[in-house]
Amino acid sequence: MTGLGEPWQTLLWGPVGIGAAEWWRLFAHFTALSLVAIGGAITTVSEMQRLVVAQEGWLTPVQFNDCIAIGQAMPGPNVLFVAAIGYSVGGLAGVAATMAGSLLPSAVLAVGAGRFGERYRRSRGVRAFTAGLAPLTIGLLLATGAVLLRPLAAEPVAWLLVAGTLWLMLRTKRNPMWAIGAGAVAGALGWV
Amino acid sequence: MPDAGAAARPAPASPAALFRAFNRLAMMGFGGVLPVAQRELVDRLGWLTREQFLELLSLSQVLPGPNVVNLGLIYGDRCFGWRGALAACAGMLLLPLLLVLAATAAALRFGDVPAVGGALRGMGVVAAGLVLATAIRLAPGLRSNPLGRGGALAFVVATVLAIAVLRWPLPLVVLALGLPGIALAAWRLGKAP
């Protein structure tokens, strides 16, 4: 922290100072991944890692993993981990590159698909599409829960937390924040 | 456009109401917004039925991009056109984005503390429980599915096996199970209109 200007430089362009060419590579890479990210941006993490860590060396593997953890831990959609990556690489300019790249192409497609589905909602094709995929949606949620819990299968406190969460969600009208808070306390105390 | 049967259903009054609702549910969504979105939009606000939510989620899930953002975009667009899509999306992302940036700046400067790592793990466990609860709450929406109860259940089980046990990537699951599901539903709908 030598001069007044430096924190602002870091905020805007990141610790190293991202240049126009780097900015463009970051933006282009995340834009290309946006349209193949079926299941969410998290499914393309390995490709993001390849550019940011292996190819360009902008972040260390540990810094990269921290970005993912921050995205998961903070409130809001998990896709915000791309904002953490963008900020670590190139400050607010980096955030603009990774967020716009990840969200704009898929957002345009989603709105277009949503309008098409609404216009032809009575048609056999659209009804068959949503009905045929509905069981997959339920199965996907169950599988996601199972995959997230697998590393914790040997920990009784984890099962207790899951059982408590299911009870709160299915049998009460309470806010899910209570369960999250209980999980955070149990984890901070080292029980899980 | 709301459909005729849903005349009595509550709906957001303005894009600003949409912004506030999505901001609220995003700020409650630690480790995943989807369970809170279902709780808020279906159970608390009543803007969507369980079946409508399941339908929107099915579409959002096969499209590229974050599911819950897609869901907000499509729902917002149906309410108020592109202004609604923008309101839902901005409501969901703006405030959490500021928090993520603050946390990233702190992590870059201070590194990590063990208790914080533990808290994150504990929240992750609860997040998994919330996702399971969402599946259980949405499952009764399959009762009216043209695949039939047994058929829909078979596809649920096959999807869980494919992803949790066989570890297939999602695009392969959509091809191998989604396409047959859609074809079977189309055939059943054609047989009994």
Side-chain angles (χ1 to χ4, degrees), chain A residues 35 37-41 66 70 72-77 79-80 83-84 87 106-107 110-111 113-114 117-118 124 127-149 152 158 161-162 165-166 169-170 176-177 179-180 183-184 186-188 190 192, chain B residues 26-31 33 36 54-55 57-59 61 63-70 73-74 77 85 96-97 99-101 103-104 107 115 118-123 125-126 128-135 139 145-146 152 155-156 159-160 163-164 170-171 177-178 181-182 185-186 189:
Chain A
L35 287 178
I38 293 173
D66 283 350
I70 289 168
Q72 307 271 4
M74 286 287 130
V79 67
L80 287 169
Y87 188 81
S106 62
V111 169
E118 184 71 359
R124 188 171 149 196
R127 282 165 66 209
F129 184 83
T130 50
L133 289 173
L136 263 72
T137 302
I138 306 268
L140 201 60
L141 292 171
L142 292 172
T144 305
V147 168
L148 290 174
L149 286 174
L152 302 154
L161 275 176
V162 171
T165 304
L166 288 173
M169 290 297 279
L170 301 174
M177 293 283 283
I180 294 284
V192 194
Chain B
M27 290 302 288
M28 291 197 295
F30 289 85
V33 175
V36 188
L54 182 56
E55 197 183 301
L57 183 57
S58 298
L59 180 58
Q61 245 163 4
L63 290 168
N67 301 330
V68 71
V69 175
N70 283 344
L73 283 165
I74 296 172
D77 183 62
L97 174 64
L99 292 180
V100 164
L101 294 184
T104 311
L120 296 185
R121 261 165 68 82
M123 285 157 72
V125 173
V126 171
L130 290 176
V131 173
L132 292 176
T134 306
N145 195 291
F155 275 100
V156 171
T159 306
V160 173
I163 292 182
L170 184 58
L177 294 171
I182 293 167
L189 285 169

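As the structure is a prediction and not an experimental result, all values here were calculated from the model. Numbers restart at 1 for each chain; the letters A, B, ... are given by sequence-line order, proteins then strands.
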Between [X] and chain A, with a heavy-atom cut-off of 4.5 Å, which part of the residue counts as in contact: side chain, backbone, both or neither?
{"X": "B:Val100", "answer": "both"}
{"X": "B:Val160", "answer": "both"}
{"X": "B:Ile74", "answer": "side chain"}
{"X": "B:Ala85", "answer": "side chain"}

Work out which heavy atom in [X] is nearest to a heavy atom in [Y]; give both atom names and the distance.
{"X": "B:Met27", "Y": "A:Met177", "value": "O-SD, 4.4 Å"}
{"X": "A:Ala83", "Y": "B:Leu101", "value": "O-CD2, 4.0 Å"}
{"X": "A:Arg127", "Y": "B:Leu189", "value": "NH2-CD2, 3.3 Å"}
{"X": "B:Gly129", "Y": "A:Val162", "value": "CA-CG1, 4.2 Å"}
{"X": "A:Gly183", "Y": "B:Val126", "value": "CA-CG2, 3.7 Å"}
{"X": "B:Ala26", "Y": "A:Pro77", "value": "CB-CD, 4.4 Å"}

Measure [X] against the heavy atoms of chain B and call it side chain, backbone, both or neither at under 4.5 Å.
{"X": "A:Ile138", "result": "both"}
{"X": "A:Ala186", "result": "neither"}
{"X": "A:Val111", "result": "both"}
{"X": "A:Met169", "result": "both"}

Practice problem: Report the option among B:Pro171, B:Ala135, B:Pro146 that has the most heavy-atom pairs separated by less than 4.5 Å from atoms of chain A. | Solution: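 The option with the most such pairs is B:Ala135.
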Exercise. Specify which of B:Val69, B:Leu130, B:Asn70, B:Val36 makes the most heavy-atom pairs with chain A at under 4.5 Å.
Key: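 The answer is B:Leu130.
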Quiz item: Is there a side-chain contact between B:Thr159 and A:Leu142, using heavy atoms and a 4.5 Å cut-off?
Solution: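 No; the side chains remain at least 4.5 Å from each other.
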Quiz item: Going by heavy atoms in the side chains, are A:Leu140 and B:Leu170 under 4.5 Å from each other?
Solution: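 Heavy-atom side-chain distance check passes, below 4.5 Å.
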Exercise. Using a cut-off of under 4.5 Å on heavy-atom pairs, state which of A:Ala37, A:Gly40, A:Ala158, A:Ala146 scores highest against chain B.
Key: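 Max contact count across the listed options: A:Ala37.
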Practice problem: Considering only heavy atoms and a distance below 4.5 Å, find which of A:Val192, A:Leu166, A:Leu35, A:Leu133 pairs most often with chain B. | Solution: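 When all of A:Val192, A:Leu166, A:Leu35, A:Leu133 are compared, A:Leu133 has the most.
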Can you tell me how far apart [atom1] ([X]) and [atom2] ([Y]) are? Round to the nearest 0.5 Å.
{"X": "B:Thr104", "Y": "A:Ile70", "atom1": "OG1", "atom2": "CD1", "value": "4.0 Å"}
{"X": "B:Ile182", "Y": "A:Leu136", "atom1": "CD1", "atom2": "CG", "value": "8.5 Å"}
{"X": "B:Leu59", "Y": "A:Thr130", "atom1": "CG", "atom2": "OG1", "value": "8.5 Å"}
{"X": "B:Leu99", "Y": "A:Met74", "atom1": "CG", "atom2": "CE", "value": "6.5 Å"}
{"X": "B:Met28", "Y": "A:Ile180", "atom1": "CE", "atom2": "CD1", "value": "11.0 Å"}

Practice problem: With sequence neighbours excluded, tell me which residues meet side-chain hydrogen bond (donor to acceptor under 3.5 Å, both in side chains) with B:Ser58. | Solution: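 Only A:Thr137 meet the side-chain hydrogen bond (donor to acceptor under 3.5 Å, both in side chains) criterion with B:Ser58.
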Quiz prompt | B:Asn67: partners by side-chain hydrogen bond (donor to acceptor under 3.5 Å, both in side chains), with sequence neighbours left out | solution =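 Expected list: none.
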Quiz item: With B:Leu132, which of A:Leu170, A:Leu141, A:Leu149, A:Thr144 fulfils side chain to side chain contact (heavy atoms under 4.5 Å, CB included)?
Solution: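 Answer after filtering A:Leu170, A:Leu141, A:Leu149, A:Thr144: A:Leu149.
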